[in-house]
Amino acid sequence: MCNKDLGKEICELKAMVKAQNKRIDMLIKHVKEGCAADEDKEKESTIQNLSPYLPCLCPDVLFHLNLDTATTAFPKVFGDVRFVCLGGTAHRMEAFAYFIMREIGLKLSTSAKLKDLSEDGHRYALFKVGPVLCASHGIGCPSISILLHELIKLVHHAKCQNPIFIRLGTCGGIGVEPGTVVITSEAIDGQLRAAHEVVVHGQAQLRPTQLDAELAEELKTLCKPGKDGFVAVVGKTLCANDFYEGQSRLDGAFCDYTPAKKLEFLQRLSELGVTNIEMESTAFAALTAQANIKSAVMCVAILNRLEGDQITTPLDTLHQWDMRPQMLVARYMRRVLYGDPPEETYECWCSLSKHDVPDEVRATTQECS
Ligand code: R2B
Ligand code: URA
């Protein structure tokens, strides 16, 4: 063996001894200070301001999700969750789960399909695709609020670290071309307050509807209008408690105002910087902000309310538009997970069950080896 080879070997051995010494020091420290306490401290979730009564719930039953902490090991099953995506319907969120699986490079075995983890609860749908949870929230603030209480507890029990919540939906645009993606800067309620009203013990409380401004801007930059064929804008969102009179429509079963009054209201909204109307953003913004969760709302406008009330766009066009916020969120996740562009497969636990894979998924996913 020449001197050069010997020198290299000595160098490698020294590095090994140094690493082992470091490990021994760490183990001694853990034995002295109690490693269990250390590990527990490291693994607390980043969720804040939770009810002081949560630790007393043994088990905690997340009734509407049909999950509980006694029968599900939350840290094991959900501990790797980094993104929680919410959308109105179970069908849309199941399709989104398959879409995001491909987009983040996950593979599904040919005999498996994603399982709705809350199916037996018959309220909301919940799918897990590696680091992404996909849930349906129904219509309106009361519905999304119940889901968020339970999802926030879920990520807390799972000890998730800085999960990002994103609502993907549809909306009525104000002064924007149908098909435009509107990302919410601020959510205001039907009385034009940047607040979510919660009635507790007969008293109305106003909770701030704060969203992450940086995240909204970043999501916007991921849209490439020239290439994508649509634009994304950031603007205020009016969150209504009703689809018809609450959104100043003339086409509900009842209407006691004139077309002129309707337009006057919509123009007023436009002057206030309101770019769209939907039905969940105030509750979504308030609950995520209270929990210290970074969050965003991204909705595709399916009509321009300055031009009408009825939605007459063909269903297949609406389905294509539905994909637009999903495409942007996929780009965002790939950037966060891998940097752009995606290079590797993310290996992790999915909500799989052994059934046939839908054809459209089989066509676009590779078999596990
Ligand atoms: C947008 O669309 C739904 C009503 O059709 C509602 O959930 C919303 O926010
Ligand atoms: N969702 C709404 O809440 N309003 C619309 O006009 C369209 C979708």
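Just follow the structure's listing: the first ligand is 1, and inside any ligand the first atom is 1. Computed from a predicted structure; not experimentally measured.
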Phe63, CZ atom: more than 12 neighbouring heavy atoms under 6.0 Å
no

What is the closest protein heavy atom to atom 4 (C) of ligand 1, and at what distance does it sit?
Phe243 CD1, 3.8 Å

Give the contacting part of Glu280 toward ligand 2: side chain, backbone, both or neither, where contact means a heavy-atom distance below 4.0 Å.
neither

Using a strict cut-off of 4.0 Å, indicate which atoms of ligand 2 neighbour a heavy atom of Gly172.
4 (N), 5 (C), 6 (O), 7 (C), 8 (C)

Verify, without hydrogens or angle tests, whether Asn49 (side chain) and Gln290 (backbone) share a donor-acceptor contact under 3.5 angstrom.
yes

Ionic contact status for Asp189 with Arg207, cut-off 4.0 Å
no

Closest non-hydrogen contact found for Leu62 with Glu150 is C-OE1, 3.4 Å

Short N or O distance, Cys171 and ligand 1, threshold 3.5 Å exclusive
no

Have a look at ligand 2 and work out which part of Cys171, if any, has a heavy atom under 4.0 Å from it: side chain, backbone, both or neither.
backbone

Cys299 vs Asn276 side-chain heavy atoms within contact, under 4.5 Å
yes

Thinking salt bridges, do Asp116 and Lys128 make one under a 4.0 Å N-O criterion?
no

What atoms of ligand 2 come closer than 4.0 angstrom to any heavy atom of Arg249?
4 (N), 5 (C), 6 (O)

So which heavy atom on Tyr257 is nearest to which on Tyr244, and how close?
OH-O, 4.1 Å

Are Glu278 and Arg167 ion-paired here, with the side-chain N under 4.0 Å from a carboxylate O?
yes

Atoms of ligand 2, numbered as shown, that sit under 4.0 Å from any heavy atom of Met279:
3 (O)

Paired with Thr184, the side chain to side chain donor-acceptor pair (under 3.5 Å) test is passed by just one of Thr282, Thr275, Thr237, namely Thr237

Has Arg167 got any heavy atom lying under 4.0 angstrom from an atom of ligand 1?
yes

With heavy atoms only and a cut-off of under 4.0 Å, state how Ile277 meets ligand 2: side chain, backbone, both or neither.
backbone

Option of least heavy-atom distance to atom 1 (C) of ligand 1 (set: Thr170, Thr89, Asn276, Ile139):
Thr170

N/O of Glu278 under 3.5 Å from N/O of ligand 1, yes or no?
no

Closest non-hydrogen protein atom to atom 7 (O) of ligand 1, residue and atom name please, with distance?
Glu280 OE2, 2.6 Å

Can you tell me which portion of His137 lies within the under-4.0 Å heavy-atom range of ligand 1? Options are side chain, backbone, both, or neither.
neither

Could you establish whether Leu303 and ligand 2 come within less than 4.0 Å of each other, counting only heavy atoms on the residue side?
yes

Any N or O of Gln247 that comes nearer than 3.5 Å to an N or O of ligand 2?
yes

